[in-house]
Amino acid sequence: MTSAASPPKRGVTVSVVPLVPAWRVDRTFDYALPVNLRASVGVGSLVRVPFGARRTRAIVTAVAEGDASGLEEVIALVAGAPVAPGVMTEVLTWLAQRYVCPLGRAFQRAVPARVRMRVAAPTALETGRAAQHLPSYDGGDALLDALHKRTPGAWCVRTLPGVDRGTLITELVEAALAHGGQALVAVPEVRFGSAVIDSLTERWPGLARLDSAQPDNERAHAWLRVGAGAPLGAGGRSTVLAPAGELRLIVIDEEHHPSYKEDRSPRYDARKVALQRAALGRAVCVFIGPTPSVETGAAALNGAFGSVVGSRAEARALRPVVETVAPPRDRVFSRELHQRIQGALRAGERSALLVSARGYARALWCAACARSVRCPVCERGLFYDRVLTSVRCSHCRWRAPAPTSCPSCDSGALRYLGAGSERLSEQLAKAFPRARIARMDPDLIGHLDQDGPPHDVDIYVTTWIGTKPAIRPPVSLVGVLDADSLLRRPDWRAAENAYQALAAMAEWAGPASDGGRLVVQTAEPNHYSVQAVIRGDYDFFLRHELAQRAELGYPPYSELIRATSYGMRRQGLIERAAGLARAAGARVLGPIEIDTVVGPGELEEGLEILIKATDAEPVARALRGILASTPAGSRLRIDVDPR
DNA sequence: ACATTATAAATA
DNA sequence: ATTTATAATGTG
């Protein structure tokens with residue numbers, strides 16, 4: 001950054017992105033860099049600059065020698081380590097373009113909450129242990145070779161069920177950092193802890209923990225340590241934006257997980273960001289998990305990604321016995337499932353039962369007029385909470401004391417329909433009086449911070465939230481009571497999510513050789529998502545799902561953008577968006593009317609279109625113009641790569 | 001006529 | 001986002 005001895009004293013100009021998330025400031029600004037800052041400020045530095053009538057923080061995107069007269073001067077360097085080194089300024093600029101947000105909002109994501117702290121010089125990582133497990137995977141040696149030789153590229157590692165991914169990821173990091181550089185590991189859902197981060201911490205206690213489970217200041221410190229060159233950082237979705245200037249490897253654990261999509265602006269998909277970052281920075285990007293997303297599976301299939309898989313024979317050996325039974329009409333769990341639970345109890349083994357609804361009853365239904373009690377706000381069915389004796393709408397969160405008589409015919413013949421986790425526990429207690437039954441649902445989950453998973457239970461009753469590896473007890477029988485609620489969701493990803501959820505349940509039940517058994521209550525036992533779990537065959541699922549996606553033109557055969565307009569001028573706004581998308585060569589579905597929940601019992605009316613494009617980026621560029629000039633009182637929300 | 005409050009414009 | 005100029009509205 002220092003110009004040696006250049007007699008004609010020329011100035012130094014820096015271009016910066018002010019951290020101002022406004023469309024009016026969607027570009028870089030130039031400042032003069034005073035002599036005293038020339039040694040410490042470079043591309044990626046966080047600085048303070050005069051901006052309008054005030055001062056604001058900004059990130060440097062370029063440094064050039066030249067005439068700097070007439071420019072305002074940079075006031076100071078704010079953080080001791082760069083927050084966007086290497087290719088990060090390019091990545092953030094790309095992110096703002098693809099995900100249609102102002103530059104300042106994208107660049108804000110590179111800055112931690114607290115930033116005024118001293119950062120120690122980084123210490124090297126102790127590496128050199130030979131990989132034990134990866135070489136036994138097909139393609140594992142090729143991936144290790146690419147890491148050693150620093151051959152850039154993207155890889156899909158499909159792990160065997162029940163395998164400890166922490167060990168595999170440790171082996172990847174060892175190989176990548178054998179000759180220096182930096183690595184980042186992103187994991188989903190850090191709230192209940194992460195086995196992967198735990199094993200990385202065990203191997204390298206000094207790693208920079210970037211996850212939100214850390215206190216703000218420690219997290220910020222870890223972020224700056226990465227900026228200062230710390231070799232290894234690990235954390236949640238935002239880890240893909242950590243300031244590693246010498247990035248060699250970026251790992252996305254459980255790549256199929258929905259938490260990799262940010263749900264506030266900038267609505268980025270961390271997987272796409274990781275790929276883009278690796279491509280620009282010539283790093284290796286590894287997606288690892290037991291059930292890769294369809295997009296990633298397809299890329300591994302057609303050779304766009306390198307592919308690493310466990311042997312099919314081993315995968316088959318690790319699956320449980322899987323049974324499907326028809327959902328019983330007059331009760332919650334079938335005779336078959338009842339017998340299986342009894343069998344497990346006799347053998348002294350634990351069972352888990354998965355219910356799709358929390359609370360007591362999924363619906364309140366009037367036997368006199370055959371109508372169910374509906375939400376006055378959004379007209380959906382209400383579920384009944386017996387503890388609070390209230391009814392609640394699962395969509396808009398509206399709630400009220402439970403009615404004692406039918407709102408439409410005033411009859412007192414209200415029945416509880418569809419068992420929630422609470423009612424099921426009650427029925428189980430009657431059926432198996434000596435069994436110890438534990439219940440877990442979203443209302444109870446806050447209470448288990450320190451306790452961890454319940455171990456002294458015979459039957460564990462839970463909604464999907466209680467199946468997360470960090471909080472579930474080990475079991476040998478898993479019963480999914482309503483697989484059809486997964487398969488029939490009106491969502492183009494329903495089959496994929498159903499397969500992934502059922503495969504996770506099979507993994508929980510464990511191998512048949514250890515007595516593992518999965519019972520799935522479904523009216524569609526021949527659905528390929530169910531069949532793929534029975535066969536323990538990911539490729540079977542992928543083939544069938546890809547055929548569907550091709551037919552309907554969904555990813556990976558297109559990229560999606562969802563646009564939603566709100567406010568007085570929403571009609572005109574959404575039509576303008578649709579017109580621009582069509583002009584950019586995309587297909588547009590809709591608009592349809594939608595209600596967005598803005599508070600308990602509060603809905604906002606909107607109009608929504610779904611855009612299918614071969615490449616989302618030209619469409620995003622076209623839509624950018626509208627966003628910068630939406631009429632007052634109206635809003636347009638653009639979601640590229642919607643979840 | 002002047003103070004208070006909403007609104008728009010600009011940011012090197 | 002924040003500030004500041006400007007317009008709009010209210011008050012004595």
Worksheet item: Along nucleotides 6-12 of chain B, 5' to 3', which nucleotides get a B, which get an S, and which get a -, given that the test is a protein heavy-atom distance under 4.0 Å?
Response: ---SSBB
Practice prompt. Please confirm whether the backbone N or O of A/Ala106 pairs with a side-chain atom of A/Arg109, one donor and one acceptor, at under 3.5 Å?
Written response: no
Worksheet entry | Gap between atoms CD and P, on A/Gln108 and C/dA1 respectively (whole Å) | 8 Å
Worksheet item: Is the closest side-chain heavy-atom distance between A/Tyr260 and A/Tyr268 below 4.5 Å?
Response: no
Item to complete: Check whether any side-chain N or O of A/Arg219 sits under 3.5 Å from a backbone N or O of A/Pro215 as a donor-acceptor pair, and report yes or no.
Response: no
Which atom pairs, one a donor and one an acceptor, fall under 3.5 Å between side chains of residues 193-200 of chain A and the rest of the protein, sequence neighbours left out?
from	atom 1	to	atom 2	distance (Å)
A/Ser194	OG	A/Val196	N	3.3
A/Ser194	OG	A/Ile197	N	3.1
A/Ser199	OG	A/Ala195	O	3.0
A/Ser199	OG	A/Val196	O	3.3

Discussion item. Under 3.5 Å, is there a donor on one side chain and an acceptor on the other for A/Ser293 and A/Glu255?
Written reply: yes
